[in-house]
> 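First, the structure itself, so that you have it in front of you.
From a predicted model like this one, the values you see are computed outputs, not experimental measurements. Start at 1 with the first residue, then count along the sequence.
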Amino acid sequence: MKITFYGQNSLALKIGDINVIVDPFITGNDLSKDKVDIKDIKADYILLTHAHQDHILDAEAIAKNTGAVIVSNFEIANHYEAKGFEIHPMNHGGSWDFEFGKVKYVNAIHTSSFPDGSYGGQPGGFVIEGEHKNIYIAGDTALTMDMKLIPMHTKLDIAVLPIGDNFTMGVEDAIIASDFIECDKIIGCHYDTFGYIEIDHEEAKRKFYEKGKDLMLLDIGESIEL
């Protein structure tokens with residue numbers, strides 16, 4: 001599994017020969033718009049955790065460029081199906097075996113609405129069991145006891161957790177979340193994009209380190225392989 005960070009919550013996952021894009025918000029992100037060209041992005045699937053603009057902005061453009069299948073909750077999937085895109089709807093607690101692995105849509109505590117204010121269903125996260133590695137992408141969420149359910153069915157190799165505070169968990173709650181999900185290898189997301197969520201990188205990494213955990217704050221376009 002190769003993971004590439006595009007800023008905010010935007011990720012590219014390469015699992016075998018399949019390309020998965022998560023929450024594409026690139027052209028509207030001042031930190032990434034000059035570093036990533038969405039026309040160059042390969043995608044077989046686009047996973048959307050919820051409907052806020054900083055998670056869906058480039059989904060349509062990437063889907064048009066690639067023919068990717070949009071995977072999200074029922075309401076978001078229907079929204080894109082009405083626009084002519086190929087979709088796969090899911091809902092909380094449900095799983096589906098895709099060609100790149102098993103995906104489970106799990107709870108998140110947040111809100112979800114499209115930029116025009118219309119209803120975007122309930123927010124969620126994704127647990128992806130690839131052929132060799134498993135990843136949890138929390139989406140935007142508060143710390144929640146539901147996270148303790150995840151290791152009951154999946155042993156995680158890595159997790160993507162929001163750490164910017166204000167709109168989501170901050171660093172301290174993300175550390176507790178990593179305990180709940182029983183995963184000490186964390187990629188931080190949802191930080192620095194806006195003034196409300198700017199963080200001290202070294203302090204955040206130090207706090208994780210002091211708890212015996214590894215917090216990775218990837219540069220835009222940086223990749224890691226598991």
Side-chain angles (χ1 to χ4, degrees), residues 1 3 8-13 15 18-25 43-57 59-60 62-63 68-83 85-114 118-131 133-162 167-169 174 177-178 180-183 186-187 189-190:
M1 182 184 293
I3 305 167
Q8 190 64 340
N9 278 56
S10 302
L11 300 166
L13 308 178
I15 305 173
I18 304 300
N19 293 287
V20 179
I21 300 297
V22 181
D23 287 353
F25 173 69
D44 299 294
Y45 296 88
I46 299 171
L47 273 55
L48 303 177
T49 60
H50 64 292
H52 286 163
Q53 179 172 271
D54 60 320
H55 295 257
I56 67 165
L57 180 65
E60 288 191 28
I62 294 172
V69 178
I70 295 176
V71 180
S72 193
N73 68 36
F74 183 76
E75 289 79 9
I76 293 174
N78 282 353
H79 171 87
Y80 287 108
E81 184 177 43
K83 291 173 173 280
F85 295 100
E86 186 176 355
I87 59 102
H88 183 104
M90 299 191 73
N91 223 319
H92 298 87
S95 301
W96 187 263
D97 289 321
F98 292 91
E99 57 186 317
F100 59 88
K102 182 180 179 180
V103 176
K104 188 177 185 72
Y105 191 64
V106 297
N107 288 345
I109 296 180
H110 196 60
T111 55
S112 178
S113 57
F114 288 97
S118 60
Y119 181 53
Q122 296 299 307
F126 295 101
V127 176
I128 302 173
E129 297 181 6
E131 185 176 356
K133 301 293 181 181
N134 302 327
I135 183 172
Y136 168 45
I137 300 168
D140 285 7
T141 187
L143 177 66
T144 167
M145 295 294 285
D146 288 340
M147 292 173 178
K148 288 191 172 187
L149 298 173
I150 292 172
M152 293 182 183
H153 59 72
T154 305
K155 180 174 176 54
L156 297 172
D157 296 286
I158 197 165
V160 183
L161 301 179
F167 297 112
T168 67
M169 295 187 294
S178 70
F180 284 2
I181 62 176
E182 299 179 12
C183 182
I186 304 298
I187 295 175
C189 69
H190 209 276

> Taking only residues two or more places apart in sequence, or in another chain, which ones meet L57 in a side-chain contact (heavy atoms from CB on, under 4.5 Å)?
F25, T27, Q53
> Please name the pair of heavy atoms, one in I87 and one in A77, separated by the smallest distance, quoted to 0.1 Å.
CG2-O, 3.4 Å
> What heavy-atom pair brings D157 and K133 nearest, and what distance separates the two atoms?
OD2-CA, 3.2 Å
> Name all residues meeting the side-chain contact (heavy atoms from CB on, under 4.5 Å) criterion together with A68; count only those two or more places apart in sequence or in a different chain, and write none if there are none.
A43, I46, T66
> N78: which residues meet the side-chain hydrogen bond (donor to acceptor under 3.5 Å, both in side chains) condition with it, sequence neighbours left out?
none
> What heavy-atom pair brings S178 and L161 nearest, and what distance separates the two atoms?
N-CD1, 4.2 Å
> Hey, what do you get for CD1 (I76) to OH (Y119), rounding to the nearest 0.5 Å?
9.5 Å
> Report the residues that fulfil salt bridge (charged side-chain N to carboxylate O under 4.0 Å, His left out) with K102, sequence neighbours left out, ordered by chain and then residue number.
none
> Indicate yes or no for a side-chain donor-acceptor contact from D44 to the backbone of N19 under 3.5 Å, with no hydrogens or angles considered.
yes
> Let me confirm one number: the CD-CG distance from E129 to L156, rounded to the nearest 0.5 Å.
8.5 Å
> Taking side-chain contact (heavy atoms from CB on, under 4.5 Å) as the test, write out the residues that go with N9, two or more places apart.
D23, H55, D140, C189, H190
> Just jot down the ring-ring contact (aromatic ring centres under 6.0 Å, His included) partners of F167, sequence neighbours excluded, or say none.
Y196
> With sequence neighbours left out, which residue pairs that include part of residues 70-83 fulfil the salt bridge (Lys or Arg N to Asp or Glu O under 4.0 Å) condition?
E60-K83
> Do the non-hydrogen side-chain atoms of I135 and I187 ever get within less than 4.5 Å of each other?
no
> Can you tell me how far the NE2 atom of H79 sits from the OG atom of S72, to the nearest 0.5 Å?
10.5 Å
> Test your reading of the model: is there a side-chain donor-acceptor pair from Y80 to the backbone of V71, 3.5 Å cut-off?
no
> In chain order, what residues pass the ring-ring contact (aromatic ring centres under 6.0 Å, His included) check against H88, with sequence neighbours excluded?
W96, F98
> How far does CD1 of I56 sit from CG of L48, to the nearest 0.5 angstrom?
7.0 Å
> What are the two closest non-hydrogen atoms of P162 and A174, and how far apart are they?
O-CB, 4.0 Å
> Please report the interatomic distance CG(N134) to CD1(I158), rounded to the nearest 0.5 Å.
11.5 Å
> Hey, does the side chain of S112 reach the backbone of P123 with a donor-acceptor pair shorter than 3.5 angstrom?
no
> So, using side-chain hydrogen bond (donor to acceptor under 3.5 Å, both in side chains) as the criterion, who are the partners of T144 when residues are at least two apart?
none
> Checking T141 now: which residues fulfil side-chain hydrogen bond (donor to acceptor under 3.5 Å, both in side chains) with it, not counting sequence neighbours?
none
> Centroid separation under 6.0 Å, is that true for the rings of Y136 and F126?
no
> Give the minimum heavy-atom separation between I128 and F100, together with the two atoms involved.
CG2-CE1, 4.0 Å
> With sequence neighbours excluded, what pairs up with E86 under the salt bridge (charged side-chain N to carboxylate O under 4.0 Å, His left out) test?
none
> To the nearest 0.5 Å, how far apart are CE in M147 and SG in C183?
12.0 Å
> Using the test side-chain contact (heavy atoms from CB on, under 4.5 Å), find all partners of E99 that sit at least two apart in sequence or belong to another chain.
I18, Y45
> At their closest point, which heavy atom of A63 faces which heavy atom of I70, and how far apart are they?
CB-CD1, 4.2 Å
> Between V106 and L149, is the side chain to side chain contact (heavy atoms under 4.5 Å, CB included) condition met? List the steps.
CA-CA 9 Å; V106 297; L149 298 173; over 6 Å; no
